[in-house]
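These notes are about the structure you will find just below.
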Amino acid sequence: MICHTGPTKPALVLLCCVGTWLAICSLSFGAPTATMIKTILELLKLESKELYEDYSKKDADGLPTNESLQLPCFTLGYEASTSISTIQVYLETAKRLSDNRADTTNVTKRLDDIRCSNPPKPSISEPEDFHERKIFTLTVLKRFSDCMAKLEAKDRIC
Ligand SMILES: *[C@@H]1O[C@H](CO)[C@@H](O)[C@H](O)[C@H]1NC(C)=O
Ligand SMILES: *[C@@H]1O[C@H](CO)[C@@H](O)[C@H](O)[C@H]1NC(C)=O
């Protein structure tokens with residue numbers, strides 16, 4: 001299966017199809033179906049948005065996001081598992097730093113189901129300050145939700 005190969009748009013070049021992802025994934029973990037992956041992505045889109053809106057209303061009203069926080073997004077290509085793994089570290093950290101106010105357990109688990117390998121977890125720097133922890137959590141939730149909203153799941157060749 002072929003991913004998008006337009007030479008001028010890196011974002012599109014990386015946007016592979018679920019079919020390609022399945023080809024990569026099935027080498028490592030059985031045979032997930034395209035429907036299953038699409039369903040997970042749709043649920044993640046809804047749940048990540050809910051998490052962000054909920055936290056932003058309850059705990060971070062009026063706070064800005066931190067533009068220097070580098071949270072990766074991912075598309076369903078070869079590098080996806082590494083990015084997903086990094087996102088998971090951010091989500092787990094946001095949960096801990098927010099004293100579980102941002103409960104990212106479910107979305108973190110769902111990401112496990114679409115990640116096809118288990119790359120080493122990166123270490124990330126964590127803010128100490130109470131206020132900065134809120135900004136960190138808010139930013140992680142917003143970036144994750146934006147990422148899921150952008151991710152288009154298709155079950156055939158792009
Ligand atoms: C996580 O999933 C469980 C079981 O599906 C559900 O009861 C719970 O409300 C979910 N938690 C969040 C924060 O969405
Ligand atoms: C924003 O993130 C950077 C990088 O993690 C950090 O050094 C900085 O202190 C953060 N600023 C705020 C206001 O949270």
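Whatever order the structure lists them in is the order used to number ligands and atoms, beginning at 1. Since this is a predicted model, take the numbers as computed values, not measurements.
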Item to check | Per-atom contacts of ligand 2 with Leu69, taking only distances under 4.0 Å to non-hydrogen atoms | outcome: 5 (O)
Item to check | atom 11 (N) of ligand 2: any protein heavy atom closer than 4.0 Å | outcome: yes
Item to check | Selection from Glu128, Lys134, Glu132 by shortest heavy-atom distance to atom 13 (C) of ligand 2 | outcome: Glu132
Item to check | salt_bridge(Lys142, Asp146) N-O dist < 4.0 Å | outcome: yes
Checklist entry - Identify the closest protein heavy atom to atom 4 (C) of ligand 2: which residue and atom is it, and at what distance? => result Ser68 O, 4.2 Å
Checklist entry - How far is atom 1 (C) of ligand 2 from its nearest protein heavy atom, and which residue and atom name does that atom have? => result Asn66 ND2, 1.4 Å
Item to check | Enumerated ligand 1 atoms positioned under 4.0 Å from heavy atoms of Asn106 | outcome: 1 (C), 2 (O), 3 (C), 8 (C), 10 (C), 11 (N), 12 (C), 14 (O)
Item to check | Gln88-Asp112 side chain donor-acceptor pair, cut-off 3.5 Å | outcome: yes
Checklist entry - Does the Ser145 side chain pair with the main chain of Tyr52, one donor and one acceptor, at a distance under 3.5 Å? => result no
Checklist entry - Could you go step by step and tell me if Leu44 and Ile114 meet the side-chain contact (heavy atoms from CB on, under 4.5 Å) rule? => result CA-CA 11 Å; Leu44 278 171; Ile114 53 169; 4.2 Å; yes
Checklist entry - Should Ile124 and Ile84 be counted in the same cluster of Ile, Leu, Val, Met, Phe, Trp and Tyr side chains packed under 4.5 Å apart? => result yes
